[in-house]
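In what follows, every chain begins at residue 1, and chains take the letters A, B, ... in the order their sequences are listed.
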Amino acid sequence: MKILTGNDLKTGAVTWWTGQDWSIHVEDAVDVGDEADAIAAREEGARRVNSPYAIDAVREDNGGIRPAHIKDRIRALGPTVRPDLTLKPADPEAGNWVI
Amino acid sequence: MYRYDQYDQDMVDARVAEFRDQTQRRIEGKLTEDQFKPLRLQNGLYLQLHAYMLRVAVPYGTLSSAQMHMLADIADKYDRGYGHFTTRQNIQYNWIKLEDAPQILADLATVEMHAIQTSGNCIRNISSDQFAGAAADEIVDPRPYAELLRQWSSFHPEFLALPRKFKICVIASETDRAAMKLHDIGIRIVRNDQGELGAAFYVGGGMGRTPMIAPLLREFVPLDQLITYSEACLRVYNRYGRRDNKYKARIKILVHELGKDEYARQVEEEFAHLQTLGIEPPIAELERIKTYFTDPAFQAGASDDLDLSDPDFALWVERNCLAHKQSGYIVANISLKPVGGIPGDASAAQIHLMADLAKEYSFDELRVTHAQNIVLPHVRKADLYTLWQKLDEAGLGAANLDTIEDIIACPGLDYCSLANARSIPVAQKIATRFAETGKSGTLGELKLKISGCINACGHHHAGHIGILGVDRKGVENYQLLLGGCEGDDTSLGQITGPGFDEDGIVGAVETATDVYLANRKDGERFLDTYRRIGMAPFKEALYG
Ligand code: SF4
């Protein structure tokens, strides 16, 4: 699947396109098919996102979404060396997901 | 320490107001990202993996306690309670909101700091010897010259759009502690046979994709021509640097392609021309600057005695402290490399504490080192034990300077959008492995440096052991380099062979150190043994 990601213009937070809005959780991302450029242009114009780009991802067995490249997995989680600052601070094993 | 005059302050305040307006216009949609990006980068604001990142300049690595407190306040108020000290003697914040950035710059301006020219194709923050003004082996304090260069290069209209970024380093000691020859321009203040001070110019060094050691361009430039000669070097580069190819745009490529002699000839021609224009600042300005760098009020007759009966303290003194030019005083290095920690990171509480300790024990002064540590440059030996106890209580007492635990590591793929691989976890694993096996001490001086990509912010080319993260079909992989060195005998590390995965690289480093231990002769550091026996025994052990 193709998903769309960028950073929130004002806060810089990593965000994922959900179909209607932007979420900080990659699990909320939807397949944008070949609509990525159109959505990116519209959303950037509306100043809801900064520098959006489409990436490959796969849906995992547990329903989660796994970006194809490690860089985007780290963006989805947070820095692996600061688990307390990731989106899953209570899960000490969360960093293994990115590898 | 240098204090802003009205001109400096007005310049920085005006920039804050300008950036506030630009940011507002971006948020309101009056500027596109394409229009805004160069403006934010000119103010040190990058967009990294998780958020905006702000890089704040620490001129020649020198900070006052008040400035250090402000850095901690910014970490607390606008970031997530910590900052990252960089290999350019600067500090970076990883979680900045665009809407807060102008106010952060306004806060910084109240303590005479800014983030101007910490990005972009301009002359970046001038770096220097972290022990300037304290080291026993320096001939003068290099910082007045660094400050003069800072003033000359700040907003220099001709050099704001160079072919690529440009880094200048100034030292004034026999020993190079600042990787001087790995800068675009490295300047060593020297004394000639007549006893006059001048500047030796090394031009065209650098790390990155094509590492090069700067050749000596001119042995002696009179100090009253320092700016004019610098301007000549920059002008020739600005005119002929490769703007057509980003990877060939640094001055090192120009010097290499033209040849040192031809580049030097062109610089001399430009220098002669510039001398007719009288661009050198008046000597009175340099003298004015020098008054800010006079010695602090050292206590006359301070005792040189140190009670080393506490073995932990004795080890810290041996590893982390350096002789001071003033009897009764010592230079204390605070390692930001606790075993298993993140190299260069410090919490807001730790930054506040270091600021307080500098005020109490080091004449209000701190330094940031290119090895991502902090220095208290002027500590009375009589205060050293108390100081160490306070550091140790706060997790800042690691006795590991220049050991294999004192690893330089760039932010890597945990934070940096240009990265190919993570650097920090590798540093953590190596430091932990060697601390656990108790080998760190046995190995003595061993500088290990890790970069998460070819840009080499982690100085991997200059590590006795260097590690470069690469992307191998989407998987992190690590190349091992041996034999790099950043000091007087600067050399560039050589790649051992095929790379390793994350766990493999830890084992590979251990193997390399085993080869050293098996072969070293009395008094040899890892680097010395490598230089004597060459790459072959290491390759044999690593790849069989
Ligand atoms: S070396 Fe590469 S990965 Fe590391 S900080 Fe520099 S650009 Fe980022």
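Within the 4.5 angstrom heavy-atom criterion, only side-chain atoms of A/Arg47, from C-beta onward, approach chain B. With a 4.5 angstrom heavy-atom cutoff, A/Leu77 does not touch chain B via any of its atoms. If you measure heavy-atom distances from B/Ile342 to chain A, the contacts under 4.5 Å come from the side chain alone. At a 4.5 Å heavy-atom cutoff, B/Ala421 makes no contact with chain A through either its backbone or its side chain. Proximity to chain A involves both the backbone and the side chain of B/Leu413, based on heavy atoms less than 4.5 angstrom apart. For a residue to count as touching a neighbouring chain, one of its non-hydrogen atoms must lie under 4.5 Å from one of that chain's; by this rule B/Gln428 touches chain A with the side chain only. Of the atoms belonging to B/Ser417, it is backbone heavy atoms, and not side-chain ones, that fall under 4.5 Å from chain A. Looking at B/Glu476, only its side chain comes within 4.5 Å of chain A, counting heavy atoms on both sides.
If you take CG on B/Asp345 and CZ on A/Arg82, they are separated by 7.0 Å, rounding to the nearest 0.5 Å. Here OG1 of A/Thr80 is found 7.5 Å from CD1 of B/Ile424. Values are rounded to the nearest 0.5 Å. Here B/Lys37 contributes atom NZ and A/Asn50 contributes atom CG; the two are 9.0 Å apart, rounded to the nearest 0.5 Å.
The environment of CZ in B/Arg472 is sparse: at most 12 heavy-atom neighbours from other residues, nucleotides or ligands sit within 6.0 Å.
Interface with chain A: from residues 97-108 of chain B, residues B/Lys97, B/Leu98, B/Glu99 qualify, criterion being any non-hydrogen pair under 4.5 Å. Contacts between residues 2-16 of chain A and chain B, counted as heavy-atom pairs separated by less than 4.5 Å, involve A/Asn7, A/Asp8, A/Leu9, A/Lys10, A/Thr11, A/Gly12, A/Ala13, A/Val14. Proximity to chain A among residues 71-84 of chain B is limited to B/Arg80, B/Tyr82, judged by heavy-atom separations below 4.5 angstrom.
The shortest distance between side-chain heavy atoms of B/Arg422 and A/Ile99 falls below 4.5 Å.
When all heavy atoms of A/His69 and B/Asp471 are compared, the pair lying nearest together is NE2-OD2, 3.0 Å. Between A/Ile70 and B/Gly474, the closest heavy-atom pair is CG2-O, 3.9 Å.
Remark: B/Arg25 engages B/Asp21 in a salt bridge (charged side-chain N to carboxylate O under 4.0 Å, His left out) (not counting sequence neighbours).
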